[in-house]
Amino acid sequence: LDLVLAQRTRYTLVLAGDHIYKMDYRPLIEQHVQSGADVTLGCVPVCPQEAGSFGVLGVDTQQRVRSFIEKPPPESLPASTQRNVLASMGVYVFTTEYLAERLRQDASNADSAHDFGRNILPVAVREDRVGAYAFSDARGAPGYWRDVGTLDAYWQAHMELLVAAPPIDLFDPNWPIFTLAEPLPPARVMVDSAHEGCVANSLLGGGVIVRGARIRNSVLSANVQVGAGSSVEEAVILPGVRIGSNCRLHRVIVDSGMHIPDGTIVGHPGEQAQDERRVRLLVPQLVGDRGADALRSVA
């Protein structure tokens, strides 16, 4: 709080760290200033079945928040809620003086979990003026926003980058995405005497080497290597992974630095048909030295 107050700003923007979206914050801040609200919440519509993952807002015709429920079970929502509910994006604009006051009060409450969604915002809605800002794109449609706090959501966000017209464009020159630019060589797809390397509808990071393997509908991060005869489909492979020869990986997230043994089969349709729609996570802590047999059991 001392660091926030040291900035001597009239307003404070609070942002979540596990969401994917691109947003010009200026209209949000302008609405907050003009409305005279103590805090304004960015919000997007979600289907009622997803309500249990978000803070759900009840908003009146003046865009004032009248209720805030953190992660309600879908069955607890009113029967009139059939199509969409408004979910908090985890993007807030506070009047700084008000934020400091609320944080001090919450800090002195021994029964509080000291959480924005569970404590700060519900009290603000009951006692003060809270506004709602509907996040939209240039066409006025709900803006692209994804919470990637679960394995399925994290995987799905990567798969959305691979469609013909992705909802968030990594190649948009008008909205560059700045990230760590490592000095890596370009990606390389190789062939050998028995296998032809093939990459279809995928994203490859710098330093990736595909040796006579088939990559389809996948995202391969920097410095990933895939051995001959392997097949990688609908997968998210994090940096530094080494995938051996003759592996078949389907619908998996492979953690950074993993070494996948030759011949490993994980999540491939037909091998585990009853679970083929699940996303599997492969991490070193769960695998250790147990090899391919252990890999098959990790979910």
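Bear in mind that the values here come from a model prediction, so they are computed numbers and not experimental data.
Glu160 has its side chain out of reach of Leu162: every pair of non-hydrogen atoms, C-beta onward, lies at least 4.5 Å apart. The closest side-chain heavy-atom distance from Val224 to Val226 is below 4.5 Å. Residues Leu281 and Val279 are not in side-chain contact: their nearest non-hydrogen atoms beyond the backbone lie 4.5 Å or more apart. Side chains of Arg251 and Arg280 form no contact here, defined as non-hydrogen atoms less than 4.5 Å apart. Counting heavy atoms from C-beta on, the side chains of Leu282 and Ile253 never come closer than 4.5 Å. Side chains of Ser112 and Asn119 form a contact here, defined as non-hydrogen atoms less than 4.5 Å apart. Under the 4.5 Å side-chain criterion, counting only non-hydrogen atoms from C-beta, Met159 is not in contact with Leu161. Within the 4.5 Å cutoff, the side chain of Val219 has no heavy atoms near those of the Ile237 side chain.
Between the side chains of Ser218 and Ser202, not a single donor N or O lies within less than 3.5 Å of an accepting N or O. Side-chain contact of Asn246 with Asp262: a donor-acceptor pair under 3.5 Å is absent, judged by distance alone. Judged purely by distance below 3.5 Å, without hydrogens or angles, the side chains of Thr95 and Asp38 never pair a donor atom with an acceptor atom.
Annotation for Asn109 and His114: closest pair O-CE1, 3.5 Å, computed over non-hydrogen atoms. In this structure, Ser230 and Cys247 approach most closely via the heavy-atom pair OG-N, 2.9 Å. Here the shortest heavy-atom pairing between Gly227 and Ala213 reads O-CB, 3.3 Å. The nearest pair of heavy atoms linking Ala157 to Ile20 is CB-CD1, 4.0 Å. The nearest pair of heavy atoms linking Leu184 to Gly206 is CD1-O, 3.6 Å. When every heavy atom of Leu5 is checked against every heavy atom of Ala100, the shortest pair comes out as CD2-CB, 4.0 Å.
In this structure, Phe94 and Tyr98 have parallel ring planes: the angle between them is below the 30° cut-off, well short of the 60° mark. In this structure, Trp145 and His19 have perpendicular ring planes: the angle between them is above 60°, well past the 30° mark.
Using a 4.0 Å cut-off between charged side-chain N and carboxylate O, Arg66 and Asp60 make a salt bridge. A salt bridge links Asp172 and Lys22; the closest N-O separation between the charged side-chain nitrogens and carboxylate oxygens is under 4.0 Å. Using a 4.0 Å cut-off between charged nitrogen and carboxylate oxygen, Glu233 and Arg248 do not count as a salt-bridge pair. Looking at Glu70 and Arg118, no side-chain N of the basic residue comes within less than 4.0 Å of a carboxylate O on the acidic one, giving no salt bridge. No salt bridge links Glu97 with Arg102; every basic N to acidic carboxylate O contact stays at or beyond 4.0 Å.
Side chain of Gln31 to main chain of Ala134: no donor-acceptor pair is present (N/O by atom type, distance under 3.5 Å, no hydrogens or angles). For Asn201 (side chain) and Asn217 (main-chain N/O), no donor-acceptor pair under 3.5 Å exists by modelled atom type. Using a distance-only test at 3.5 Å, with no hydrogens or angles considered, a donor-acceptor pair links the side chain of Ser35 to the main chain of His32. Side chain of Thr9 to main chain of Thr96: no donor-acceptor pair is present (N/O by atom type, distance under 3.5 Å, no hydrogens or angles). With hydrogens and angles disregarded, no donor-acceptor distance shorter than 3.5 Å links the side chain of Thr40 to the backbone of Val93.
One finds the CG atom of Leu86 at 8.0 Å from the CD atom of Gln63 (value rounded to the nearest 0.5 Å). In this structure, CG in Leu103 is found 5.5 Å from CZ in Phe116, a value given to the nearest 0.5 Å. Annotation: the span from Gln7 atom CD to Asp2 atom CG amounts to 11.5 Å, rounded to 0.5 Å. How far CG of Leu57 is from CG of Leu41: 5.5 Å, rounded to the nearest 0.5 Å. One finds the CE atom of Met23 at 4.5 Å from the CE atom of Met89 (value rounded to the nearest 0.5 Å). Between atom CD1 of residue Ile243 and atom CG of residue Leu220 there is a gap of 6.5 Å, rounded to the nearest 0.5 Å.
Within 6.0 Å of CZ in Arg188 there are 12 or fewer heavy atoms belonging to other residues, nucleotides or ligands. Residue Gln62 qualifies as open at atom CD: its count of foreign heavy atoms under 6.0 Å is 12 or below. Around the NZ atom of Lys71, the shell of radius 6.0 Å holds no more than 12 heavy atoms that belong to other residues, nucleotides or ligands.
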CA sep, side-chain torsions, deciding dist, call: Val125, Val123, side chain to side chain contact (heavy atoms under 4.5 Å, CB included)
CA-CA 5 Å; Val125 169; Val123 173; over 6 Å; no
May I have the step-by-step check of side chain to side chain contact (heavy atoms under 4.5 Å, CB included) for Val266 and Thr264, ending in yes or no?
CA-CA 7 Å; Val266 179; Thr264 299; 3.6 Å; yes
Evaluation steps, side chain to side chain contact (heavy atoms under 4.5 Å, CB included), between Cys43 and Tyr133
CA-CA 6 Å; Cys43 56; Tyr133 172 81; 5.8 Å; no
Evaluate the side chain to side chain contact (heavy atoms under 4.5 Å, CB included) criterion for residues Asp18 and Tyr154: first the C-alpha distance (whole Å), next the side-chain angles of each, then the deciding distance (0.1 Å), finally the verdict.
CA-CA 9 Å; Asp18 58 352; Tyr154 182 80; over 6 Å; no
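When each of Asp255, Val283, Val254, Asn223 is checked for a side-chain contact (heavy atoms from CB on, under 4.5 Å) with Leu238, only Asp255 meets the rule.
Note on Trp175: it does not cluster hydrophobically with Phe171, by side-chain heavy-atom contacts below 4.5 Å among ILVMFWY residues. Under the 4.5 Å side-chain heavy-atom criterion for Ile, Leu, Val, Met, Phe, Trp and Tyr, Val44 and Val14 are members of distinct hydrophobic clusters. No continuous path of ILVMFWY side-chain contacts below 4.5 Å connects Leu99 to Ile29, so the two sit in separate hydrophobic clusters. Using a 4.5 Å cut-off between side-chain heavy atoms of Ile, Leu, Val, Met, Phe, Trp and Tyr, with links allowed through other members, Val163 and Tyr144 fall into different hydrophobic clusters. Residue Val130 is not grouped with residue Phe135 when hydrophobic side chains (ILVMFWY) are merged at heavy-atom distances under 4.5 angstrom, including chains of intermediate members.
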